[in-house]
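All values below were derived from every heavy atom in this structure, side-chain atoms included, with hydrogens, water molecules and symmetry-related copies excluded.
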Amino acid sequence: MWTVVHLTQEETAARSLALALERNNLLSRVRPVSRQEGETSYEVLVPETEVSAALEVIIDIGL
């Protein structure tokens with residue numbers, strides 16, 4: 001099962017985080033989420049078993 005570890009309104013920020021996670025050998029996925037018409041947010045997801053490691057990476061890069 002995939003778990004959301006970060007939410008952002010910028011696709012480039014979501015993709016950058018996904019790349020950082022992948023560089024640390026963590027699987028990741030970016031999923032667009034429509035909040036309101038014309039406004040899209042992006043979720044960064046990782047497998048449930050990798051949440052702790054992903055959160056460490058997120059803290060290390062200052063998010």
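Under the 4.5 Å side-chain heavy-atom criterion for ILVMFWY residues, a single connected hydrophobic cluster contains both Leu17 and Leu55. Transitive grouping of hydrophobic side chains (ILVMFWY, heavy atoms separated by less than 4.5 Å) keeps Val51 and Leu7 in distinct clusters. Following chains of ILVMFWY side-chain contacts shorter than 4.5 Å, one cannot reach Val33 starting from Trp2, and the two form parts of different hydrophobic clusters.
Annotation: side chain to side chain donor-acceptor pair (under 3.5 Å) contacts of Glu50 (sequence neighbours excluded): none. The side chain to side chain donor-acceptor pair (under 3.5 Å) check on Arg15 picks up Glu11, with sequence neighbours excluded.
Here the closest heavy-atom approach between residue Ile58 and residue Val5 is recorded as CD1-O, 3.7 Å.
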Report, one line per pair, each donor and acceptor closer than 3.5 Å where one atom sits in a side chain of residues 21-30; sequence neighbours left out.
from  : atom 1 : to    : atom 2 : distance (Å)
Glu22 : OE2    : Ser28 : OG     : 3.2
Asn24 : ND2    : Ala20 : O      : 2.8
Ser28 : OG     : Ala18 : O      : 3.2

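The line from OH of Tyr42 to CZ of Arg31 is 13.5 Å long, rounded to the nearest 0.5 Å. One finds the CE atom of Met1 at 11.0 Å from the CG atom of Leu45 (value rounded to the nearest 0.5 Å).
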